[in-house]
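Predicted model, so just to flag it, every value in this text is computed and none were measured. Below, chain A is the first sequence line, B the second, and so on; all start at residue 1.
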2 protein chains.
Amino acid sequence: MVRQEAQREQTASMEDYLETIANLGEGRKVVRVKQISEMLGVKMPSVTSALKKLSEQELVEHERYGHIKLTPEGDKVARDVIRRHKALTRFFAQALGIDHETAEEDACKIEHVISPLSMERLAKFVEFIGACPLGRTNFPSRYEYYLEHGELPQDCSNRSVKKRK
Amino acid sequence: MVRQEAQREQTASMEDYLETIANLGEGRKVVRVKQISEMLGVKMPSVTSALKKLSEQELVEHERYGHIKLTPEGDKVARDVIRRHKALTRFFAQALGIDHETAEEDACKIEHVISPLSMERLAKFVEFIGACPLGRTNFPSRYEYYLEHGELPQDCSNRSVKKRK
DNA sequence: CAGAATTGTTAGACATGTCTAACAATTATA
DNA sequence: TATAATTGTTAGACATGTCTAACAATTCTG
């Protein structure tokens with residue numbers, strides 16, 4: 001319950017800017033203030049202002065009216081945000097069966113606040129159910145049945161565990 | 001990626017205050033500014049200021065130097081935050097095997113940003129693995145093996161699925 | 001019950017991050 | 001290439017939520 005700001009390196013906002021710049025810059029594409037502003041749903045002056053802060057921290061290279069580019073350090077931070085984002089999206093979509101849009105929205109929020117430990121475990125969970133056929137057949141199918149019918153499938157009781165031959 | 005503030009009823013901060021007041025008030029206990037401030041790790045003037053806002057919204061009853069109490073509406077909001085908090089804590093602790101302290105911290109953050117759909121699914125997931133013995137035996141035990149050894153347990157491969165008799 | 005200790009409030013500063021309005025630079029095009 | 005359209009920046013307002021310092025009320029205690 002205690003809210004003792006865990007001294008994150010970056011705020012959620014700044015992480016969003018870095019993430020967006022990395023995504024827009026994929027494949028050496030030129031990144032523009034306008035694009036960033038549209039992607040994040042903010043006005044251009046907000047972007048300019050964020051770029052100024054990120055430049056001061058040497059996470060972004062940016063000169064007036066000029067190019068926008070992540071520094072190696074900025075890229076490192078961005079990659080990490082993107083890694084969390086992807087793992088969370090996979091979790092919501094693949095493990096919980098959430099529609100992709102909602103999965104994305106939740107990932108966007110949670111990526112900024114989740115602890116490294118939970119993040120790691122969550123990623124492993126997704127890996128696990130993807131990799132383990134037993135996980136896949138026993139978990140998702142019965143889980144989906146449960147979601148749909150609100151009660152456990154027939155073979156899901158203490159008795160059936162033993163009885164099965 | 002778009003950050004179009006989903007018009008939450010309350011900000012994360014205000015939700016934290018409501019949640020804390022509800023928790024401190026359990027069993028008709030008197031709630032004090034000092035306690036709230038300690039619980040949330042903020043100074044007392046921050047609490048006074050938050051109480052003023054919440055009073056204006058009629059979520060809290062508070063008179064100068066007097067009692068602090070949730071209105072029925074405030075209680076409704078607080079209960080909902082607490083419900084999310086508990087479900088998230090259970091998920092991290094019971095499903096992912098995270099230590100209780102970290103589970104709490106993550107719940108505290110995520111409770112303010114997760115979508116209703118994901119929240120519901122996540123709760124159902126925890127219910128499911130708690131209720132379904134097949135879920136329990138097939139999922140957590142192999143999952144834990146995977147966490148510990150970094151690779152799948154022996155009976156977890158396409159071959160073994162068929163072979164098992 | 002009076003002074004001391006504690007608790008609570010007010011006023012106002014500050015940080016973050018957003019916005020609008022006005023202006024400047026760049027780019028496209030007639 | 002001059003002008004129009006677009007893109008980007010600056011300046012400054014505003015909202016949220018925190019803090020410190022100073023003061024006020026309440027409660028404890030000798």
Side-chain angles (χ1 to χ4, degrees), chain A residues 1-21 24-25 29-57 59-69 77 81 108-109 111-113, chain B residues 1-21 24-25 29-57 59-69 77 81 108-109 111-113:
Chain A
M1 180 72 60
V2 174
R3 208 167 58 209
Q4 48 187 349
E5 294 316 300
Q7 290 297 76
R8 284 216 164 234
E9 293 299 311
Q10 293 299 322
T11 62
S13 263
M14 292 305 123
E15 282 189 351
D16 277 341
Y17 284 108
L18 292 171
E19 186 183 12
T20 301
I21 295 167
L24 289 173
K29 281 197 288 285
V30 168
V31 180
R32 319 213 61 183
V33 171
K34 186 104 190 285
Q35 287 178 294
I36 301 171
S37 96
E38 280 166 358
M39 275 274 209
L40 286 175
V42 300
K43 303 294 179 180
M44 287 200 294
S46 306
V47 177
T48 303
S49 150
L51 290 176
K52 194 178 159 226
K53 271 185 210 156
L54 294 169
S55 295
E56 280 160 7
Q57 298 179 258
L59 296 170
V60 159
E61 272 178 43
H62 176 227
E63 40 198 50
R64 238 169 141 254
Y65 297 97
H67 72 283
I68 299 166
K69 192 165 165 294
V77 177
V81 179
C108 276
K109 302 286 190 168
E111 67 192 14
H112 305 300
V113 300
Chain B
M1 179 72 60
V2 174
R3 208 166 60 211
Q4 48 187 351
E5 295 316 302
Q7 290 297 77
R8 283 215 166 236
E9 292 299 311
Q10 293 300 322
T11 62
S13 264
M14 293 305 123
E15 282 190 351
D16 276 342
Y17 285 107
L18 293 171
E19 185 181 13
T20 301
I21 295 167
L24 289 172
K29 283 198 286 287
V30 168
V31 180
R32 321 213 59 184
V33 170
K34 186 106 192 285
Q35 288 178 293
I36 300 172
S37 97
E38 280 166 358
M39 275 275 208
L40 286 175
V42 300
K43 302 294 178 180
M44 285 200 294
S46 306
V47 176
T48 303
S49 150
L51 290 177
K52 196 179 157 223
K53 270 183 211 159
L54 294 169
S55 294
E56 282 161 4
Q57 299 179 71
L59 296 171
V60 160
E61 271 179 44
H62 176 228
E63 41 199 50
R64 244 170 137 255
Y65 296 99
H67 72 283
I68 298 166
K69 192 166 164 295
V77 177
V81 178
C108 277
K109 303 287 191 167
E111 67 191 14
H112 305 299
V113 301

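Proximity of A:Tyr65 to the phosphate of D:dT6: no side-chain N or O atom is located under 4.0 Å from OP1 or OP2. For D:dT16, neither phosphate oxygen OP1 nor OP2 lies less than 4.0 angstrom from any side-chain nitrogen or oxygen of B:Lys53. OP1 or OP2 of C:dT9 has at least one side-chain nitrogen or oxygen of B:His62 nearer than 4.0 Å. Residue A:Ser13 places at least one side-chain N or O closer than 4.0 Å to OP1 or OP2 of C:dT18. Taking side-chain N and O atoms only, A:Thr11 has a distance below 4.0 Å to OP1 or OP2 of C:dG17. For C:dT7, the OP1/OP2 oxygens have a side-chain nitrogen or oxygen of B:Lys34 closer than 4.0 Å. Between A:Arg64 and the phosphate of D:dT10, there is a side-chain N or O to OP1/OP2 separation shorter than 4.0 Å.
Between B:Arg32 and B:Ser46, the residue whose closest nucleotide on DNA chain D is further toward the 5' end is B:Ser46. In terms of position along DNA chain C, the nucleotide closest to B:Ile68 lies nearer the 5' end than the nucleotide closest to the other residue of the pair A:Ala50 and B:Ile68.
With D:dG8, C:dA11, C:dT18 as the candidates, the nucleotide lying closest to the side chain of B:Pro45 is C:dA11. For A:Ser49, the listed nucleotide lying nearest its side chain is C:dT18; candidates were C:dC19, C:dT9, C:dT18.
One end of the helix from C:dC1-D:dG30 to C:dA30-D:dT1 points its axis 0° away from the other end's axis, with each axis taken from 5 pairs and the angle rounded to 10°.
Just one residue in the list A:Thr20, A:Ile68, A:Val60 forms a side-chain contact (heavy atoms from CB on, under 4.5 Å) with A:Val31, and that residue is A:Ile68.
To the nearest angstrom, P of D:dG12 lies 13 Å from NZ of A:Lys52.
The backbone N or O of B:Leu51 sits less than 3.5 Å from a side-chain atom of B:Ser55, completing a donor-acceptor pair.
Inter-residue side-chain proximity for A:Tyr17 and A:Val42 is flagged as met; some heavy-atom pair is nearer than 4.5 Å.
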